[in-house]
Amino acid sequence: MRLTRYYLPLLKETPAEAQIVSHQLMLRAGMIRQQGAGIYAWLPLGFRVLRKIEQIVREEQDRAGAVEMLMPTIQPAELWRESGRYDAYGKEMLRIKDRGDREMLFGPTNEEMITEIFRAGVRSYKELPKLLYHIQWKFRDEIRPRFGVMRGREFLMKDTYSFDIDEAAARRSYNRMFVAYLRTFARMGLTSIPMRAESGPIGGDLSHEFIVLAETGESAVFCDRRLLDLDIPGHDTDFDADLQPLIDRYTGYYAATEEKHDAGEFEKRTSEGDRISARGIEVGHIFFFGRKYSDPMKAVVAGPEGKDIPVEMGSYGIGVSRLVGAIIEAHHDDAGCKWPMAVAPFHVGLINLKQGDAATDAACETAYAALEKAGVEVFYDDTPARPGEKFARMDLIGLPYQLVIGPRGLAAGEVEIKRRADGERLALAPEAAIERIVSEVKAALALR
RNA sequence: CGGGGCGUAGCGCAGUCUGGUAGCGCACCUGCUUUGGGAGCAGGGGGCCGCAGGUUCGAAUCCUGCCGCCCCGACCA
């Protein structure tokens, strides 16, 4: 992509309303634009990141055995009366009336709807288990939205729902999601820690929040340092195998959010040097809630004895749009974002230091074409702006690599590669630089 | 929802107390000079001063009402 064709409204100054660094950088880097309290338009650069995160989430859900579908944003109130939540949910639910004066709502979550869909099509325990998910926009009329996309009213969320014949089977579904989540966040460059947590107003008794440590996190968290060093399950993990030992390894160390924190237990189970007391961002939440919806909504299957049995359900959320902010919180410096390769809006920023100079233009075009041909996503700054401005804005948008081409270097037969993560620079012949970038990008994107 | 604050050019802000023809920096446009880390000079464009009503010869400024946004708290992916 050429910058001259792109829509990238950068801000030199930080808008006053942005309090945390991810919000500030998303505004400055032209990723989002606010349309109302907690409501954001995703501009081209931000949208690319959102899509990449979404795709990783999708791949790992599929790998774990979940099946994608799509439910609507607007739901009839009737469905929520069945579960009893229409009145219980309160003002967070955005209620709407259609032209026929029918009561509708903009979905804050989809348990009711998925339960209705499930019961309409599954009759026998032999068809279980089922894991269904979708990635859809939700709306919760938060009392106080803040921190940009980290806590918007409208947000993109992946939610999976599991249906099982009994609690032991439901546990296996839960474990699949547990492992899938560890992989999902790791692929985005995040270290997530599963923590015991309250299950929230949705109900349930087995629940983990996946927390990314960050100074600006909303909740106080307490955990064992050794959790940070645990291996992430590989992409070749057999999800049909018994995952319990793997889960046990993660839940064997103390980790809890403020609500579930027990200082005495923390001290007993964790040596002083291993105790982490920090703040965290909740990026995912998994929980089992049994028959909470299947009972009142009569989602039943015929069991082995021919009797109807309400299914045991669980629900598993990932805040997709929130993750964009969370990743920036984890990867940035004073100059701007530092995207991990897997979620970077582009892999490489190509900087033409002297647009209009024939040799420089030609070298840039050659590099641009070669990189694109090799499958590398290139963002080419082909504007006539001055070098300093180009460096600054490329640092701000934070692509993993910068390929800098100018007349001075070319005269010496060289171009420069700068790695955004650590600032390391390398002068190479143009062909060598291209080769190098291609191999490093491919290596970074290789699945682990 | 309780408490606090703010709405003036795309962004950051001054001007409001004490009413008198709306300013600064950045950004933008034109020209010249520059050109390897956000250039210099000269010229220029852009505002129903959040909205509505009121007071006044005259309102960004005073009064009333409304709307929007931000911060702290309780709530949430």
Side-chain angles (χ1 to χ4, degrees), chain A residues 9-20 23-24 27-28 30 33-39 57 89-93 107-110 135-160 181 192 197-202 207-212 217-219 257 259 280-287 315-326 335-336 351-357 360 383-396 402 404-412 414-416 418 423 425 427:
Chain A
L10 301 180
L11 302 176
K12 193 181 265 188
E13 291 170 284
T14 300
E17 75 266 17
Q19 299 297 310
I20 63 172
H23 190 193
Q24 293 169 350
L27 291 169
R28 288 194 50 213
R33 181 162 176 86
Q34 183 169 353
Q35 298 301 324
I39 300 175
V57 170
Y89 214 90
K91 291 194 144 185
E92 281 204 351
M93 180 187 280
T109 180
N110 289 72
I135 300 172
Q136 178 62 291
W137 292 93
K138 307 262 194 294
F139 193 92
R140 291 184 193 167
D141 199 354
E142 296 280 346
I143 291 165
R144 189 154 90 84
R146 60 182 130 173
F147 302 148
V149 301
M150 297 271 280
R151 174 98 151 266
R153 289 196 293 175
E154 188 183 57
F155 55 97
L156 186 61
M157 186 171 166
K158 185 284 302 180
D159 39 330
T160 307
Y181 276 32
S192 69
E198 293 288 352
S199 51
I202 230 160
S207 165
H208 284 90
E209 286 181 3
F210 284 72
I211 301 284
V212 172
E218 295 183 81
S219 29
T257 58
E259 303 81 41
I281 300 166
E282 183 186 351
V283 290
H285 193 170
I286 62 178
F287 46 96
S315 137
Y316 315 86
I318 290 180
V320 175
S321 47
R322 162 178 286 192
L323 275 166
V324 181
I351 296 181
N352 182 334
L353 284 181
K354 191 160 188 176
Q355 186 251 39
D357 175 79
T360 308
T383 66
R386 306 163 60 80
E389 188 180 346
K390 293 193 175 197
F391 291 133
R393 72 180 163 214
M394 205 56 92
D395 284 348
L396 174 60
Q402 295 173 13
V404 182
I405 301 181
R408 190 191 295 175
L410 285 177
E414 285 180 344
V415 298
E416 186 179 84
K418 173 178 161 183
R425 296 156 194 267

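Chain letters run A, B, ... following the sequence lines, proteins first and then strands; every chain starts at 1. Worth saying up front: this structure is predicted, and the values here are computed from it rather than measured.
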What distance, rounded to whole Å, do you find between the two C1' atoms, one in G7(B) and one in U18(B)? 23 Å
Quick one: is Lys354(A) getting a side-chain N or O under 4.0 Å of the U35(B) phosphate, OP1 or OP2? no
Glu416(A) atom CD is separated from G37(B) atom P, nearest whole Å, by 11 Å
May I have the step-by-step check of salt bridge (Lys or Arg N to Asp or Glu O under 4.0 Å) for Glu416(A) and Arg408(A), ending in yes or no? CA-CA 11 Å; Glu416(A) 186 179 84; Arg408(A) 190 191 295 175; over 6 Å; no
Base, sugar-phosphate or nothing for Val404(A)? Non-hydrogen atoms, less than 4.0 Å. base
Rounded to whole Å, CZ of Arg146(A) lies from P of A74(B) at a distance of 9 Å
C71(B) phosphate, OP1 or OP2: any side-chain N/O from Arg144(A) under 4.0 angstrom?
-> yes
The nucleotide from G38(B), G37(B), C70(B) with an atom nearest the side chain of Gln19(A) is C70(B)
Considering only heavy side-chain atoms of Gln34(A), the closest of C75(B), C69(B), G12(B) is C69(B)
Determine the contact category for Ala16(A): base if any of its heavy atoms lies under 4.0 Å from a base atom, sugar-phosphate if only primed atoms, P, OP1 or OP2 are that close, otherwise nothing.
sugar-phosphate
Any donor-acceptor pair under 3.5 Å between the side chain of Glu13(A) and the base of G25(B)?
yes
Checking A27(B), A77(B), G36(B) against the side chain of Arg140(A) (C-beta onward), the nearest is A77(B)
Inset, instruction - Considering only atom C1', compute the distance from G10(B) to C29(B) and round it to an integer number of Å. - result: 14 Å
Quick note, Arg393(A) side chain, CB onward, closest among G73(B), G38(B), C11(B) is G38(B)
Regarding the side chain of Ala37(A), the nearest nucleotide among C70(B), C71(B), A77(B) is C70(B)
Arg28(A) atom CZ is separated from G12(B) atom P, nearest whole Å, by 12 Å
Whole-Å distance, Leu10(A) CG to G12(B) C1', equals 16 Å
Whole-Å distance, Leu156(A) CG to C76(B) P, equals 21 Å
Using a heavy-atom cut-off of 4.0 Å across all strands, would you classify Gly317(A) as base, sugar-phosphate, or nothing? nothing
If we take the P atom in both A59(B) and G50(B), what is their distance in whole Å?
-> 15 Å
With the side chain defined as heavy atoms from C-beta on, Ile143(A) is closest, among U35(B), A74(B), A77(B), to A74(B)
* How far does the P atom of C72(B) sit from the matching atom of C62(B), given to the nearest Å? -> 28 Å
Next on the checklist: What's Gly409(A) touching, base or sugar-phosphate or nothing? Going by heavy atoms closer than 4.0 Å.
Outcome noted: base
| field | Sugar-phosphate only, base, or nothing, as touched by Thr14(A) at under 4.0 Å among non-hydrogen atoms | value | sugar-phosphate
Could you tell me whether the side chains of Arg393(A) and Thr383(A) share a donor-acceptor contact shorter than 3.5 Å? yes
Open item on the list: Looking at the base of C76(B), is there any donor atom on it, or on the side chain of Arg153(A), that sits under 3.5 Å from an acceptor on the other one?
Closed with: no
Check: Does A39(B) have OP1 or OP2 sitting under 4.0 Å from an N or O in the side chain of Arg386(A)?
Finding: yes
Does OP1 or OP2 of A77(B) have a side-chain N or O of Arg322(A) closer than 4.0 Å?
no
note: Glu142(A), atom CD; A77(B), atom P; distance rounded to Å ~ 8 Å
| task | Apply salt bridge (Lys or Arg N to Asp or Glu O under 4.0 Å) to the pair Arg153(A) and Glu142(A), showing each step before the final yes or no. | result | CA-CA 6 Å; Arg153(A) 289 196 293 175; Glu142(A) 296 280 346; over 6 Å; no
Can you tell me how far C1' in A77(B) sits from the matching atom in G4(B), rounded to whole Å? 28 Å
Q: Indicate whether OP1 or OP2 belonging to U35(B) is found under 4.0 Å from a side-chain N or O atom of Gln355(A).
A: no
| request: With heavy atoms under 4.0 Å as the rule, sort Gly152(A) into base, sugar-phosphate or nothing. | output: base
From CZ of Phe287(A) across to C1' of A77(B) the rounded distance in Å is 9 Å
Next item on the list: Establish, from distance only, whether the side-chain atoms of Asn110(A) and Gln136(A) form a donor-acceptor pair under 3.5 Å.
Entry: no
For the ring pair Phe210(A) and His208(A), is the centre-to-centre distance below 6.0 Å? no
C48(B) versus U21(B) - spacing of their C1' atoms, nearest Å | 16 Å
Check your understanding: Does Phe155(A) stack onto the base of A77(B), taking stacking as ring centres under 5.5 Å apart and planes under 30° apart?
Key -> yes
Sugar-phosphate only, base, or nothing, as touched by Asp395(A) at under 4.0 Å among non-hydrogen atoms: base
Practice item. Give one of base, sugar-phosphate or nothing for Lys91(A), where a contact means two heavy atoms less than 4.0 Å apart. Key: sugar-phosphate
Per nearest nucleotide of RNA chain B, the residue lying toward the 5' end, Gly36(A) or Leu410(A), is Leu410(A)
- Query: Under 3.5 Å, is there an N or O donor on one side and an acceptor on the other linking the side chain of Arg425(A) and the base of G37(B)?
  - Reply: yes
Considering every strand and a 4.0 Å limit on heavy-atom distances, what is the contact class for Glu209(A): base, sugar-phosphate, or nothing? nothing
When rounded to whole Å, the CG to P distance for the pair Leu11(A) and A27(B) reads 13 Å
